[in-house]
Amino acid sequence: LRSQIYTYPPQPQRPVRRQDSVRVLIKFKIKYSKLVTILGIESSCDDTSAAVVRDGILLSNVIASQAVHEEYGGVVPELASRAHQQNIVPVVDAALRRAGIGKGDLSAIAFTRGPGLIGSLLVGTSFAKGMSLGLRIPIIDVNHLHGHVLAQFVRQNPDDRVPEFPYLCLLVSGGNSQIILVRSYNDMEILGRTIDDAAGEAFDKCAKVMGLPYPGGPHIDRLAAEGDATRFKFAKPHIPGYDYSFSGLKTSFLYTLRDGIKADPDFVEHNRADLAASLQRTIIDILTDKLAKAIDATGVRTVAIGGGVSANSGVRAAVADLCAKKGVEAFIPERKFTTDNAAMVAVAGYFKYLDKIFCPYDTAPYARVEI
Ligand code: KG4
């Protein structure tokens, strides 16, 4: 792949103009290609991922995670960017091979434009532009948050169930906690969002003070399975509407540890599972209280979850229970599609392709953006 891309670089004789390159080629592709085949590229944080979706069905999804950050207790942006540069060519190559297609079969390339780490996003964005120029196919920018919401539509078989519009999506990740009303693939409204920290941050930061490795969410999940969730009480916020807040919970957790350690220096060691279970229970209660209100107010018939925190066993079970109680249908994605992945980017790109929403070559990545 490397030699194919770099041996034949695009050499436009004059500046590339949107009408010259993108529009004409888009018309050509849409008119003459029968199958819509989208390559998705995700590089917003510390996972380099590429996926291929053909006519809405996932053909491949390759993810290279970056172990380099573990010793720092969090993602180091510069290291993430460098690792993306090393990973992107082999990852895209593997995604095409696993999908059993060649570059020439692609209809368009979708890439995560943001939000995320700007140095990481630049790698995926630049790669997508370069490859699309070489192949003379359009590019599609994807909002990472749209991708998480549309992860529900990653179908591995034509008869896989997908949600019906409108539906509510609880989007919970390391950077976001939102309740989103999804009216269609490209029409979404945020009903509530966190006013400070995200649920994933609460998991990770509380795990850190317990001495657990980064990211702490999965460790809390594992420990919570053996703990007593009623053992410790932590503060819950009183915020109007559908907004969330997790900073008070973090402080309350910290004070519990501080007071506990005064009485018993090995407090954390002695109460690991109960602390994790009580913390997880509190986060789940905060998330589901607002979700329940939003279900009642909107009258939707379907609820979905997305984002890294939706991999949490407790969150998955609690949302399924809540939906059963409310008589609405629950969509809980497979765990591999909850954390960052290119399958969701390719699917979001596929729906934009069908609506003919492409982007010009001067599209720049953005670190922050709303849905
Ligand atoms: O969506 P994501 O992969 O990255 C972005 O933030 O975009 O989410 C990462 C977050 C981290 O905070 C991580 O601790 C959390 O998802 N997470 C979990 C679990 N798996 C991942 N939190 C709780 N339980 C889990 N099983």
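In this chain, residues are counted from 1 in sequence order.
At least one side-chain heavy atom of Tyr244 sits less than 4.5 Å from a side-chain heavy atom of Ile179. Within the 4.5 Å cutoff, side-chain heavy atoms of Arg54 are placed close to those of Asp105. With a 4.5 Å cut-off on side-chain heavy atoms, Leu170 and Thr288 do not count as touching. Within the 4.5 Å cutoff, the side chain of Met344 has no heavy atoms near those of the Leu150 side chain. At least one side-chain heavy atom of Val92 sits under 4.5 Å from a side-chain heavy atom of Ile41. The shortest distance between side-chain heavy atoms of Val172 and Ile305 does not fall below 4.5 Å. Residues Gln156 and Glu334 meet the side-chain proximity criterion, which asks for heavy atoms closer than 4.5 Å. Side-chain contact between Tyr242 and Gln178 is absent, with no heavy-atom pair separated by less than 4.5 Å.
His148 and Leu171 make their closest contact through CB-CD1, 3.3 Å (heavy atoms, listed as atom of the first residue, atom of the second, distance). For the residue pair Ala348 and Val142, the shortest heavy atom distance occurs at CB-CG1, 3.7 Å. Closest approach of Ala343 and Leu58 over heavy atoms only: CB-CD1, 3.6 Å. Of all non-hydrogen atoms in Ala80 and His69, the two that sit nearest each other are N-CE1, 3.5 Å. The minimum heavy-atom distance linking Gly174 with Ala198 is given by the pair O-CB, 3.6 Å. A pairwise comparison of heavy atoms in Ala320 and Ala330 identifies CA-CB, 4.4 Å as the closest pair.
Residues Leu254 and Leu275 share a hydrophobic cluster, clusters being chains of Ile/Leu/Val/Met/Phe/Trp/Tyr side chains in contact below 4.5 Å. Hydrophobic clustering of Ile, Leu, Val, Met, Phe, Trp and Tyr side chains at less than 4.5 Å, counting indirect connections, unites Phe111 with Leu133. By the criterion of side-chain heavy atoms lying less than 4.5 angstrom apart, applied directly or through intervening Ile, Leu, Val, Met, Phe, Trp or Tyr residues, Leu181 is not grouped with Leu145; the two fall into different hydrophobic clusters. Val52 and Leu135 fall within a single hydrophobic cluster, where Ile, Leu, Val, Met, Phe, Trp and Tyr are joined by side-chain heavy atoms under 4.5 Å apart, directly or via other members. Follow the hydrophobic side-chain contacts under 4.5 Å out from Ile284 and you reach Leu223 in the same cluster.
Atom NE2 of His144 and atom OH of Tyr366 lie 11.5 Å apart (nearest 0.5 Å). If you take OG1 on Thr125 and CZ on Arg113, they are separated by 8.5 Å, rounding to the nearest 0.5 Å. For the atom pair Asp340 CG and Asp46 CG, the distance stands at 7.5 Å (nearest 0.5 Å). Interatomic distance, Tyr350 OH to Asp355 CG, rounded to the nearest 0.5 Å: 11.0 Å. Here the CG atom belonging to Leu249 is positioned 5.5 Å from the SG atom belonging to Cys206, to the nearest 0.5 angstrom. Rounded to the nearest 0.5 Å, atoms CG (Leu96) and OG (Ser60) are 7.0 Å apart.
Although no hydrogens or angles enter the test, the distance criterion places a donor-acceptor pair under 3.5 Å between the side chain of Arg155 and the main chain of Pro158. With hydrogens and angles ignored, the 3.5 Å screen pairs a side-chain donor or acceptor of Thr282 with a backbone N or O of Ser278. A distance-only check finds no donor-acceptor pair linking the side chain of Asp93 to the backbone of Val89 [under 3.5 Å]. Using a distance-only test at 3.5 Å, with no hydrogens or angles considered, no donor-acceptor pair links the side chain of His84 to the main chain of Glu42. Here the side chain of Asn312 pairs a donor or acceptor atom with the backbone of Gly314 at under 3.5 angstrom. Between the side chain of Arg193 and the backbone N or O of Ile180 there is no donor-acceptor pair closer than 3.5 Å. Side-chain atoms of Asp55 come within 3.5 Å of backbone N or O of Val36 as a donor-acceptor pair. Between the side chain of Ser173 and the backbone N or O of Gly307 there is no donor-acceptor pair closer than 3.5 Å. With Ser132 contributing its side chain and Lys129 its backbone, the two residues share a donor-acceptor pair below 3.5 Å. When atom types are taken as modelled, the side chain of Ser107 and the backbone of Ile38 share no donor-acceptor pair closer than 3.5 angstrom.
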Give the C-alpha distance, both sets of side-chain angles, the deciding distance and a yes or no for side-chain contact (heavy atoms from CB on, under 4.5 Å) between Ser252 and Phe232.
CA-CA 10 Å; Ser252 166; Phe232 297 101; over 6 Å; no
Might you work through the side-chain contact (heavy atoms from CB on, under 4.5 Å) test for Leu191 and Leu168, ending with a clear yes or no?
CA-CA 9 Å; Leu191 302 184; Leu168 284 180; 3.7 Å; yes
Does the side-chain contact (heavy atoms from CB on, under 4.5 Å) test come out yes or no for His146 and Lys352, once each step is laid out?
CA-CA 11 Å; His146 271 215; Lys352 280 186 122 177; 6.0 Å; no
Dump the intermediate steps for salt bridge (charged side-chain N to carboxylate O under 4.0 Å, His left out) on Arg281 and Asp285, then the final yes or no.
CA-CA 6 Å; Arg281 184 72 255 160; Asp285 287 348; 3.1 Å; yes
Might you work through the side-chain contact (heavy atoms from CB on, under 4.5 Å) test for Glu329 and Arg161, ending with a clear yes or no?
CA-CA 11 Å; Glu329 203 177 359; Arg161 279 181 336 126; 2.2 Å; yes
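Side-chain contact annotation: Ser49 with Asn341, donor-acceptor N/O pair under 3.5 Å absent. The closest side-chain donor-acceptor pair between Ser184 and Asn186, if any, does not fall under 3.5 angstrom. Judged purely by distance below 3.5 Å, without hydrogens or angles, the side chains of Asp221 and Ser313 pair a donor atom with an acceptor atom.
Annotation: Tyr72 is not in aromatic contact with Tyr214 [ring centroid separation under 6.0 Å not met]. Less than 6.0 angstrom separates the ring centroid of Phe153 from the ring centroid of Tyr185.
Heavy-atom contacts from other residues, nucleotides or ligands closer than 6.0 Å to CZ of Arg272 number more than 12. Crowding of Tyr255 atom OH: a count of heavy atoms from other residues, nucleotides or ligands under 6.0 Å not exceeding 12.
The only option from Pro237, Ser177, Ser247 that meets the side-chain contact (heavy atoms from CB on, under 4.5 Å) definition with Asp196 turns out to be Ser247.
Look at Glu189 and Arg183 and you find a salt bridge, because one of the NZ, NE, NH1 or NH2 atoms lies within 4.0 Å of a carboxylate O, short of that distance. The pair Lys326-Asp296 meets the salt-bridge criterion, with a side-chain N (NZ, NE, NH1 or NH2) lying under 4.0 Å from an Asp/Glu carboxylate O.
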